[in-house]
Colleague: 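Starting off with a structure, shown below.
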Amino acid sequence: MAIPIKNKEAIARMRESCAIAAGVLHQLKQLVQPGMSTQDLEEAGRDLIASHGARSACYGYTIGSRRYPAYTCISVNEEVVHGIPSIRRILRDGDIVSLDIVIERSGYIGDNAFTVPVGQVAPEVEKLLRVTREALDLGIAQAVTGHRIGDISHAIQAHVESNGFSVVRDMVGHGVGRSMHEEPQIPNFGKPGKGDLIKPGMTLAIEPMVNLGGYKTKTLADGWTVVTTDGSPSAHFEHTVLTTERGPEILTVPASVQITNFKSQISDPTLKS
Ligand code: MF3
Ligand code: CO
């Protein structure tokens, strides 16, 4: 199977879906406070997604015989990804909480994630968040026409490991479009110059998952929640990125700051939401 190349129409739809995913994530981030439950964030996320005329791509997402039961993925501390929101999980000062928002509208999917500190976190945890964010930026900077997927992977791994943290191996970034997971896989570890060639018109979800301790993870008995095996905290930042002849363009930016989208709305009335 080849990596899907999006045409102009598909790119316009991806822009919209990604702007919505980014807007929801941005609003959800502002709500995080000590004392609230992850279910509180779930309900806010569910309502925000609906208010944008979109659908959660997580709700009912099926792997084998398991259906994901929530509208958002909310992962606290040692939870890496796919945390199921719960009224019993209360956020405390010093926690970190990863919010992962995947939405579908008009047949196209936008995927992004961000890890938020709750109140005051330990200096090493603050560093974990900073390094993971920087690793995402460095990975995106490699999403250049003519480079290979391994260049993205390597940039992320090198930055993370040189800062004394580890990258998760059991889960990877991915192409995204009509489906949440398309080709190619984008590991957060690898060798430069290896893997598929990057061409214009690819939409890639780049998503470093970084552990303060070892790289190993396991899945809890709920069938979804991935945690670090050593219980160390884990951070997760993700953007959906469009590759172009002029370099990478981050699509998961809220509409109010998406300059290209703003311009195209003036010239192309079909892009109006
Ligand atoms: N961003 C996650 C991913 O790419 C979202 C998973 S949604 C779930 O895998 F439905 F699997 F929970
Ligand atoms: Co993803």
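Each residue takes its place number in the sequence, starting with 1. Start at 1 and go down the list; that is how both ligands and their atoms are numbered. Keep in mind that the numbers below use all heavy atoms, side chains included, and drop hydrogens, waters and symmetry copies. Computed from a prediction, not measured in an experiment: that's the story for all the values here.
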Colleague: Quick one: nearest non-hydrogen protein atom to atom 1 (N) of ligand 1, plus distance?
Modeller: Asp100 OD2, 2.8 Å

Colleague: Tell me, which N, O or S atom in Asp111 is closest to the Co ion (ligand 2)?
Modeller: OD2

Colleague: Of all the atoms in Asp100, is at least one N, O or S atom closer to the Co ion (ligand 2) than 2.8 Å?
Modeller: no

Colleague: Would you say Trp224 contacts ligand 1, with heavy atoms under 4.0 Å as the rule?
Modeller: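 Yes.
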
Colleague: Verify, without hydrogens or angle tests, whether Ser17 (side chain) and Gly110 (backbone) share a donor-acceptor contact under 3.5 angstrom.
Modeller: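 Between the backbone of Gly110 and the side chain of Ser17 there is no qualifying donor-acceptor contact (under 3.5 Å).
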
Colleague: Could you tell me the residue and atom name of the protein heavy atom closest to atom 7 (S) of ligand 1, and the distance to it rounded to 0.1 Å?
Modeller: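 Of every protein heavy atom, Cys58 SG, 3.0 Å lies nearest to atom 7 (S) of ligand 1.
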
Colleague: May I ask you to list the atoms of ligand 1 that are less than 4.0 angstrom from any heavy atom of His174?
Modeller: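 With His174 as reference, the close atoms of ligand 1 come out as 4 (O).
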
Colleague: Report the atom name of the nearest N/O/S atom of Glu238 relative to the Co ion (ligand 2).
Modeller: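 In Glu238, the N, O or S atom with the shortest distance to the Co ion (ligand 2) is OE2.
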
Colleague: Need the atom name: nearest N/O/S atom of Glu207 to the Co ion (ligand 2).
Modeller: OE2

Colleague: Around atom CD of Glu161, are there more than 12 heavy atoms from other residues, nucleotides or ligands closer than 6.0 Å?
Modeller: yes

Colleague: Quick check: closest heavy atoms across Ile109 and Arg178, and the distance to 0.1 Å?
Modeller: CD1-O, 3.9 Å

Colleague: Between His174 and Gln185, does a side chain to side chain donor-acceptor pair (under 3.5 Å) hold up when you go through it step by step?
Modeller: CA-CA 5 Å; His174 50 93; Gln185 293 200 349; over 6 Å; no

Colleague: Minimum heavy-atom separation for Ser234 and Asn211, please, with both atom names.
Modeller: OG-OD1, 2.7 Å

Colleague: I'd like to know if the side chain of Thr228 and the backbone of Ser232 have a donor-acceptor N/O pair within less than 3.5 Å.
Modeller: yes

Colleague: Check each heavy atom of Met171 against ligand 1 and say whether those closer than 4.0 Å belong to the side chain, the backbone, both or neither.
Modeller: neither

Colleague: Enumerate the atoms of ligand 1 whose separation from the nearest heavy atom of Val102 is less than 4.0 angstrom.
Modeller: 1 (N), 5 (C)

Colleague: Report yes or no: does His239 contribute a side-chain atom to a donor-acceptor pair with the main-chain N or O of Ile250 at less than 3.5 Å?
Modeller: no

Colleague: Ignoring hydrogens, just give me the one of Met180, His236, His181, Glu238 whose non-hydrogen atom is nearest atom 9 (O) of ligand 1.
Modeller: His181

Colleague: Which one of Trp224, Tyr59, Tyr61 satisfies the ring pair (Phe, Tyr, Trp, His ring centres under 6.0 Å) criterion with Tyr68?
Modeller: Trp224

Colleague: Which atoms from ligand 1 have a heavy atom of Glu207 less than 4.0 Å away?
Modeller: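 Near Glu207, meaning under 4.0 Å from one of its heavy atoms, ligand 1 has 4 (O).
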
Colleague: Who's the nearest protein heavy-atom neighbour of atom 11 (F) of ligand 1, and how far?
Modeller: Tyr61 CD2, 3.4 Å

Colleague: Measuring to the Co ion (ligand 2), does His174 have an N/O/S atom at a distance below 2.8 Å?
Modeller: yes

Colleague: Atom 6 (C) of ligand 1: which protein heavy atom is closest, and how many Å away?
Modeller: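 Atom 6 (C) of ligand 1 sits closest to the protein heavy atom His82 NE2, 3.4 Å.
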
Colleague: Quick one: closest heavy-atom pair of Met171 and Val168, and the distance?
Modeller: CE-CG1, 3.7 Å

Colleague: How does Cys73 reach ligand 1, by side chain, by backbone, by both or by neither, if only non-hydrogen atoms under 4.0 Å count?
Modeller: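 Side chain only.
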
Colleague: Under a 4.0 Å N-O cut-off, is there an ion pair linking Arg130 with Glu126?
Modeller: no

Colleague: Looking at Tyr108, is Lys6 sitting on its ring face, NZ or CZ under 6.0 Å from the six-membered ring centre and within 45 degrees of the normal?
Modeller: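 No, Lys6 and Tyr108 do not form such a contact.
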
Colleague: Check each atom of ligand 1 against the heavy atoms of Asp111 and keep those under 4.0 Å away; list them by number with element.
Modeller: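 Counting from 1, the qualifying ligand atoms are 1 (N), 4 (O).
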
